[in-house]
Amino acid sequence: MKLITAIIRETKLDEVREALIENEITRITVIRVSGHGQQTREHIYRGKRIVPGLIPKVKLEIAVNDDFVDITVNTIINSARTNENGEVGDGKIFITPMEECIRIRTGERGGKAI
Amino acid sequence: MKLITAIIRETKLDEVREALIENEITRITVIRVSGHGQQTREHIYRGKRIVPGLIPKVKLEIAVNDDFVDITVNTIINSARTNENGEVGDGKIFITPMEECIRIRTGERGGKAI
Amino acid sequence: MKLITAIIRETKLDEVREALIENEITRITVIRVSGHGQQTREHIYRGKRIVPGLIPKVKLEIAVNDDFVDITVNTIINSARTNENGEVGDGKIFITPMEECIRIRTGERGGKAI
Amino acid sequence: MEVFKRRTFLITVLLLLIFAGNTLASDGNGVDTGITAWMLTSTALVLLMIPGLAMFYGGLVRTKNVLGTMMHSFAAMGIMTVLWVIFGYGMCFGPNTLGGWFGWSNDLLFLRGIDTEVNNGVPDYVFSMFQGKFAIITPALIAGAFAERVSFKGYAIFIALWGILVYNPLCHWVWAEDGFLFNMGANGAIDFAGGTVVHISAGISGLVAAIYLGARRGYPKTSMPPSNLVLTMIGAGLLWVGWFGFNAGSSVNSGLDTAQALTATQAAAAAGAITWMIIESFHQGKATALGFASGILAGLVAVTPAAGVVQPSGALALGVIAASLCYIAILIKNKLGYDDSLDAFGVHGVGGITGAIMLSFFIRKSWMIEAASLTESGTWTIMQQLGVQVAAVLISIVYAAVLTLIIMIVVDKTIGFRSPAKNEMQGLDASYHGEHGYGMLNAS
Amino acid sequence: MEVFKRRTFLITVLLLLIFAGNTLASDGNGVDTGITAWMLTSTALVLLMIPGLAMFYGGLVRTKNVLGTMMHSFAAMGIMTVLWVIFGYGMCFGPNTLGGWFGWSNDLLFLRGIDTEVNNGVPDYVFSMFQGKFAIITPALIAGAFAERVSFKGYAIFIALWGILVYNPLCHWVWAEDGFLFNMGANGAIDFAGGTVVHISAGISGLVAAIYLGARRGYPKTSMPPSNLVLTMIGAGLLWVGWFGFNAGSSVNSGLDTAQALTATQAAAAAGAITWMIIESFHQGKATALGFASGILAGLVAVTPAAGVVQPSGALALGVIAASLCYIAILIKNKLGYDDSLDAFGVHGVGGITGAIMLSFFIRKSWMIEAASLTESGTWTIMQQLGVQVAAVLISIVYAAVLTLIIMIVVDKTIGFRSPAKNEMQGLDASYHGEHGYGMLNAS
Amino acid sequence: MEVFKRRTFLITVLLLLIFAGNTLASDGNGVDTGITAWMLTSTALVLLMIPGLAMFYGGLVRTKNVLGTMMHSFAAMGIMTVLWVIFGYGMCFGPNTLGGWFGWSNDLLFLRGIDTEVNNGVPDYVFSMFQGKFAIITPALIAGAFAERVSFKGYAIFIALWGILVYNPLCHWVWAEDGFLFNMGANGAIDFAGGTVVHISAGISGLVAAIYLGARRGYPKTSMPPSNLVLTMIGAGLLWVGWFGFNAGSSVNSGLDTAQALTATQAAAAAGAITWMIIESFHQGKATALGFASGILAGLVAVTPAAGVVQPSGALALGVIAASLCYIAILIKNKLGYDDSLDAFGVHGVGGITGAIMLSFFIRKSWMIEAASLTESGTWTIMQQLGVQVAAVLISIVYAAVLTLIIMIVVDKTIGFRSPAKNEMQGLDASYHGEHGYGMLNAS
Ligand SMILES: Nc1ncnc2c1ncn2[C@@H]1O[C@H](COP(=O)(O)OP(=O)(O)O)[C@@H](O)[C@H]1O
Ligand SMILES: Nc1ncnc2c1ncn2[C@@H]1O[C@H](COP(=O)(O)OP(=O)(O)O)[C@@H](O)[C@H]1O
Ligand SMILES: Nc1ncnc2c1ncn2[C@@H]1O[C@H](COP(=O)(O)OP(=O)(O)O)[C@@H](O)[C@H]1O
């Protein structure tokens with residue numbers, strides 16, 4: 001089991017979710033975060049374009065069984081990217097190991113609880 | 001050391017915290033998240049029950065030493081469950097490995113810093 | 001690759017970010033969280049000092065290559081600590097393993113994507 | 001504004017007294033400082049409704065659209081005011097032009113002709129500014145129907161055209177002394193403060209626009225929960241307060257009829273709110289805050305045309321009926337599947353129609369007697385008035401629907417109205433305004 | 001509403017003038033358009049206090065209870081208004097019934113009898129609507145004492161009963177011309193705008209309710225920090241603005257006494273705020289925003305009974321004294337351990353009592369002279385008036401406490417008042433309204 | 001307040017009529033209930049601007065400073081009111097003292113002398129309270145220039161001194177009957193509602209303070225995005241509504257000139273908003289909500305001195321010009337690099353100067369004729385009036401700048417004004433108030 005963490009643009013959330021659902025990855029947790037990376041231009045403030053130090057982003061956390069890692073990652077990459085070639089600020093995906101998953105409702109554990 | 005991540009119902013936060021504290025698990029970090037799983041019915045909007053695409057949830061992150069994993073997990077399961085049998089939407093627990101824990105105040109490391 | 005998670009005081013965010021940037025750790029994700037630990041005194045409410053059950057904190061998530069772990073951790077410790085000796089509530093750092101990092105924009109993977 | 005005709009006799013008497021010149025309340029220009037004070041206040045109160053509406057609507061949309069939605073109200077404050085000052089007031093209250101389609105008088109361009117005019121004790125400027133607020137809020141109400149999916153530029157052009165082609169003519173017909181609806185039947189179609197002009201026209205136009213533009217992406221599958229019901233509740237509170245200016249101000253007086261309108265307004269709003277609360281408790285098991293607010297609005301909308309002619313018991317009844325019908329209308333909408341995002345039609349259209357028609361059954365006796373005295377036969381029945389009301393409602397509906405459709409098509413085909421999918425997904429705030437509403441949500 | 005008696009002579013003279021018929025300000029019905037304008041405005045301003053209170057209280061509770069708490073204010077707008085229109089106004093201002101327990105007149109059911117009544121230049125409807133707002137805000141104030149732990153249904157029934165059995169009688173006693181407190185002493189117990197009727201009765205009832213219902217789960221161990229102090233501050237701002245209507249409107253005039261009330265209100269609010277700020281700075285080292293807002297309220301509450309009789313220096317003094325005593329009262333509460341969630345008693349009870357009693361020492365000379373002239377002996381001392389004030393305060397306290405306790409028990413034992421633990425933990429919003437306040441907090 | 005002189009003749013006539021004693025509108029004390037009603041309302045409306053400003057500014061700062069920033073407005077409500085009641089009113093409207101530097105009269109201490117005074121139909125208390133609100137808002141406006149970086153204690157002392165030494169004298173010069181700017185030129189420097197007294201003085205003082213205190217830590221490298229633009233928009237809405245009291249109330253009437261001021265206000269605000277919107281659309285490709293709000297303010301500020309003398313077309317023009325110049329001013333500021341955090345100078349300074357000077361070109365003919373009639377030569381040209389306006393503006397600028405600098409230095413060197421770095425990083429809310437604004441952001 002892996003925990004896939006993706007940090008994407010706020011404005012891409014709908015698109016990514018639609019794409020994931022199409023690929024039958026429906027269970028997901030979403031968190032508002034702010035990030036700082038290479039991205040630089042964003043908002044307008046009284047006639048001036050400003051670069052927020054921390055830019056609002058959305059973080060997805062998806063626990064998946066090992067054989068779902070690739071499809072999940074690819075789906076996110078494809079749907080979270082701006083245009084064909086991507087743009088600075090499109091985000092990152094981190095994959096971390098996960099030892100156990102438990103469904104609170106039933107107490108089920110492991111792969112089937114995901 | 002493990003990092004226990006539990007996603008529970010917002011409305012269960014008080015109950016879970018009380019239960020954890022009773023079992024002497026007092027250090028905890030709490031985060032507002034939204035989640036999508038199997039849960040379907042929730043809010044009322046102008047005379048209609050609606051199913052939010054993303055439902056507000058609360059995520060707990062608890063770093064524990066290995067011998068505390070079971071009690072923590074069990075406490076959460078028992079207190080976060082709706083009624084006896086649980087209801088769809090009660091949430092998940094993920095357990096991930098943790099390599100190091102450091103207390104910023106003192107610089108202590110490892111199990112005693114938890 | 002490691003994922004460094006630091007929970008610090010809200011009011012220290014600027015200082016820690018400045019320190020990290022000085023040490024060329026610029027990529028970072030920041031999340032509002034609430035925490036409960038040993039900290040006890042904080043706010044004033046109608047003439048009374050109160051101890052919120054959950055105290056607002058800020059969580060930093062920083063994905064780093066292995067040789068950056070030490071400098072990152074040390075920078076955080078030094079900048080997040082209150083005064084010389086620290087004060088209860090200064091926070092924690094957790095280090096967890098990370099298996100893969102992917103830049104959404106380019107699809108690059110591994111250390112160079114961090 | 002019903003009041004004009006009824007007070008004609010009285011006013012003549014008073015004017016005589018004024019020009020007798022022996023009163024303080026006149027400041028020598030024939031101004032009644034008391035009435036003017038209340039009309040100035042009413043103008044401020046109706047203006048307060050615009051931020052109130054911005055909050056009401058802004059809280060109901062998703063986080064990414066909050067500023068864009070509020071800007072629909074605010075932009076109307078800017079655009080409609082400027083048009084109103086330049087020629088809108090003239091189109092509404094100038095003498096009949098083009099066979100009475102609207103009014104016009106070059107003298108009223110830039111309000112030049114009324115710089116020192118006073119009528120019935122109130123400076124024309126005050127009346128003009130009071131009326132101008134109605135021209136702002138009406139298009140802003142429509143915006144609820146197509147919230148979360150239109151381009152800002154398209155919207156700005158749309159409301160300008162809509163104001164000129166729909167609002168101004170309707171306003172002229174109903175409230176100008178030579179408007180044809182003002183003179184229908186024995187004593188005119190009753191539209192005290194804008195049931196037809198404001199609510200029905202906005203509601204119907206919203207319905208047409210919502211259907212023409214199509215639903216928001218994902219509707220109705222994806223739910224789109226309100227981002228800030230606290231904001232919505234505050235907005236509802238301000239709307240209620242502002243409505244005192246809207247209705248009681250429409251008496252253009254500070255007297256008995258003003259008091260009657262205020263009382264009816266308060267009673268109907270409360271009755272609407274409680275009705276919705278009770279229905280929802282039985283139907284869904286819980287009384288929502290949004291339901292309470294919707295009931296307030298339903299009551300207020302329904303009493304708007306009626307505030308001058310119904311007594312408190314009638315106002316309570318109107319509130320109950322309107323809230324029930326609006327509740328049902330929204331249930332039906334959910335079945336039909338068109339996407340009136342914030343129920344502009346469900347509340348303002350349905351509530352307005354309910355009020356304009358049902359008021360016939362609660363008219364104060366004295367009004368009916370006066371109406372009868374104005375007919376040749378000396379009689380005038382509730383059914384006759386009902387006919388007038390229905391006619392006025394139908395005319396408003398048809399006119400607003402047809403013109404709105406034409407304007408929609410023109411705007412959409414030329415500069416574009418509906419948001420492209422990408423912008424809709426990004427949200428109005430980022431796409432059209434380069435901002436986002438709640439910076440505090442993100443640590444920084 | 002103190003003003004009535006004092007102006008009797010004046011009014012007689014004026015009425016003669018009115019019916020002489022030679023003035024514009026009368027619109028032929030004896031209406032003074034200026035006074036009416038201000039009373040209409042005051043009515044709107046007092047209504048504005050309800051959303052203001054909803055915001056003030058809503059910001060102080062935890063996130064999960066914000067809508068439920070706001071609904072305590074909003075529901076009062078709905079429920080109390082409907083009751084008021086049906087028979088509440090009659091119970092307050094009808095002639096003595098059941099030995100003066102309350103008023104009654106079938107003629108006032110549905111306000112039927114006052115459709116065209118005008119008194120002292122103001123349509124009765126306006127007076128009725130103005131007064132009706134006080135009947136809304138009083139129970140809404142109580143809700144602060146048991147915030148975060150009552151069922152919505154229980155609350156709705158409670159305020160209906162409380163309004164009927166506590167508010168209406170008290171209001172009758174103090175403000176109706178044949179009320180017994182209105183006629184106590186030389187010139188009546190002084191309660192200009194509702195120190196006893198509104199604040200003391202709400203504060204004491206809140207205290208009784210808070211003790212009867214018991215503390216919130218976890219109180220005082222768990223801290224329950226305010227969810228939105230920004231909202232609370234805006235609420236405090238609106239309350240201050242609305243209080244101008246509350247106090248200055250209670251002169252039922254637009255003249256000198258109105259001006260005096262307005263000035264006293266402004267001075268006391270500011271003095272209260274600064275006092276709290278200074279005390280807290282010394283006591284805690286920091287001046288909180290909530291403290292500032294609490295000081296505003298303490299000052300406003302204390303000046304409410306006094307606004308008609310104190311000069312600016314007296315108002316400043318009242319503000320200082322009230323803020324100090326409320327500050328102390330809240331410290332003591334923290335020791336005693338009962339859970340008056342938002343300090344309804346600590347601010348409204350203590351502030352109201354302070355104002356109603358301490359005002360005796362700051363009464364304008366002219367008032368004392370007039371009072372003396374109304375006694376047989378021709379003298380009237382501050383101590384005598386103090387006795388009247390204390391008596392009125394005690395009567396209000398005892399009456400409100402006893403009746404509230406009875407109502408609490410009845411409601412709690414029948415349909416239930418206190419939230420079950422599960423609902424309290426879930427929060428009022430989810431449990432009773434099926435919603436949550438700040439959707440934007442969660443990405444979606 | 002321009003109105004005083006112009007109405008002198010009229011008033012004399014009216015006063016004769018009043019004392020003839022045959023009118024209702026007078027309540028026997030020479031009060032005009034209508035004018036008084038509007039002035040009471042205006043007082044409430046201007047008070048509403050303070051929470052409005054708190055919201056406007058509070059939404060623009062970072063999350064950690066929201067309460068501290070709102071407290072800058074609220075503290076002014078407390079501190080300035082108390083000072084005003086004690087001696088501020090006397091300094092402004094008492095007879096010339098120290099060669100006309102300010103006014104003074106022991107009789108006005110604690111407003112003692114005006115307890116029953118009535119002037120021009122309005123109780124002096126009402127006029128005093130209305131004016132007192134201007135003394136509150138002016139220092140609160142300055143706070144925008146040094147937002148996010150001053151100690152609360154320093155701020156509190158600063159505004160007290162600034163009010164005494166800068167505001168009161170300026171107010172005396174411009175609006176007291178014996179003020180020297182009130183009597184400059186043929187008919188006085190035109191400052192209807194406070195272009196020089198309020199906006200220019202606040203803007204310039206803000207500029208001086210911002211430069212003296214230095215930029216916020218990290219400015220301009222680190223961006224500091226607004227934490228709550230929704231709050232800012234609501235604040236802008238309330239400011240617009242409140243400005244009706246500010247400008248139309250400054251006529252101290254409820255008549256034609258009031259109506260003219262209201263109309264000019266509405267037109268200028270709308271024109272300013274649209275202008276900013278259009279400029280930004282072309283310059284940046286997007287029309288921001290904050291830009292729209294800034295345009296509203298620019299228009300309102302510019303029309304403030306002018307509202308009594310310009311017609312609607314002139315008001316539209318002023319709105320367009322002011323919004324353009326403010327837009328440019330802010331662009332230039334970004335180049336120059338000083339840190340006027342919320343553009344107090346960019347909007348109030350620049351807008352106020354623009355309005356005070358440009359109004360010369362849009363003066364109503366009747367005013368110029370009257371002015372000419374007051375000169376010996378019987379002529380008065382636009383250029384002559386322009387000279388008077390420029391003189392008044394320059395005097396205000398120089399006086400405010402010099403005095404502010406002195407006060408800044410004194411406060412900073414004694415008790416400290418600028419926040420220490422640690423407090424600034426922690427945020428004002430935690431450092432100075434021991435609270436934070438949005439508890440709901442954190443689960444609890
Ligand atoms: N090493 C990292 N650790 C934690 N978060 C990161 C890291 N790198 C990027 N992020 C997150 O991803 C977001 C996008 O990164 P950015 O560098 O702007 O995009 P890109 O990789 O396309 O240049 C950042 O705002 C930040 O939240
Ligand atoms: N595989 C997953 N990855 C990430 N989050 C998940 C996953 N499964 C569940 N969740 C989180 O847990 C919450 C509850 O899940 P749900 O499926 O509704 O409950 P249940 O497991 O009881 O059916 C979801 O809203 C989501 O936030
Ligand atoms: N074991 C833990 N698991 C999760 N979060 C923790 C843990 N220990 C501490 N924290 C987080 O760190 C914050 C600071 O901890 P605290 O105990 O107050 O500081 P200190 O370690 O300096 O005594 C807490 O508010 C909580 O958010």
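In what follows, chains carry the letters A, B, and so on, assigned in the order in which the sequence lines appear, proteins first and then strands, with residues in each chain numbered from 1.
F/Met233 has its side chain within reach of D/Met71: a pair of non-hydrogen atoms, C-beta onward, lies under 4.5 Å apart. Using a 4.5 Å heavy-atom threshold, the side chains of D/Met77 and F/Trp240 count as touching. Between F/Met277 and D/Phe74, every side-chain heavy-atom pair lies at or beyond the 4.5 Å cut-off. Side chains of F/Glu280 and D/His433 form no contact here, defined as non-hydrogen atoms less than 4.5 Å apart.
Residues of residues 312-320 of chain F lying under 4.5 angstrom from chain D, judged on non-hydrogen atoms, are F/Pro312, F/Ser313, F/Leu316 in numerical order.
To the nearest 0.5 angstrom, F/Gln266 atom CD is 5.5 Å from D/Leu47 atom CG. Note that the CE atom of D/Met70 and the CG atom of F/Leu229 stand 10.0 Å from one another [nearest 0.5 Å]. The distance from atom OG1 of D/Thr33 to atom CD1 of F/Ile35, rounded to the nearest 0.5 Å, is 5.5 Å. To the nearest 0.5 Å, the span separating CD1 on D/Ile114 from CD on F/Gln260 amounts to 10.0 Å.
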Side chains of residues 39-46 of chain F: which donor-acceptor pairs under 3.5 Å do they make with residues two or more places apart or in other chains?
| unit_1 | atom_1 | unit_2 | atom_2 | d |
| --- | --- | --- | --- | --- |
| F/Thr41 | OG1 | F/Ala37 | O | 2.7 |
| F/Ser42 | OG | F/Trp38 | O | 2.9 |
| F/Ser42 | OG | F/Trp38 | NE1 | 3.3 |
| F/Thr43 | OG1 | F/Met39 | O | 2.7 |

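No part of F/Trp243 comes within reach of chain D, as not one of its non-hydrogen atoms sits under 4.5 angstrom from that chain. Using a 4.5 Å cut-off between heavy atoms, D/Leu428 makes no contact with chain F at all. For chain F, the nearby part of D/Ala430 is the backbone; its heavy atoms alone come within less than 4.5 Å. Contacts between D/Leu231 and chain F at a heavy-atom distance below 4.5 Å involve the side chain alone, from C-beta outward. Using a 4.5 Å cut-off between heavy atoms, D/Tyr432 touches chain F through its backbone atoms (N, CA, C, O) alone. If you measure heavy-atom distances from F/Leu290 to chain D, the contacts under 4.5 Å come from both the backbone and the side chain.
Counting heavy-atom pairs under 4.5 Å between each of F/Leu238, F/Thr36, F/Ile234, F/Thr232 and chain D puts F/Ile234 at the top. In terms of heavy-atom pairs under 4.5 angstrom with chain F, the leader among D/Thr116, D/Asp124, D/Asp115 is D/Asp115. Of the listed residues F/Thr288, F/Leu441, F/Val241, the one with more heavy-atom pairs under 4.5 angstrom with chain D than any other is F/Thr288. Between chain F and the options D/Val85, D/Val126, D/Leu67, the largest number of non-hydrogen pairs under 4.5 Å is found for D/Leu67.
A donor-acceptor pair under 3.5 Å is absent between the side-chain atoms of F/Ser227 and the main chain of D/Met440, judged by distance alone.
When all heavy atoms of D/Ala75 and F/Phe292 are compared, the closest pair comes out as CA-CZ, 3.7 Å. Considering all non-hydrogen atoms of both residues, D/Val82 and F/Ile274 come closest at CG2-CD1, 3.8 Å.
A search for side-chain contact (heavy atoms from CB on, under 4.5 Å) contacts involving D/Val118 returns D/Asn29, D/Val31, F/Leu256, not counting sequence neighbours. Every residue two or more places apart in sequence or in another chain that forms a side-chain contact (heavy atoms from CB on, under 4.5 Å) with F/Leu342 is listed here: A/Tyr45, F/Tyr57, F/Leu60, F/Val61, F/Ala147.
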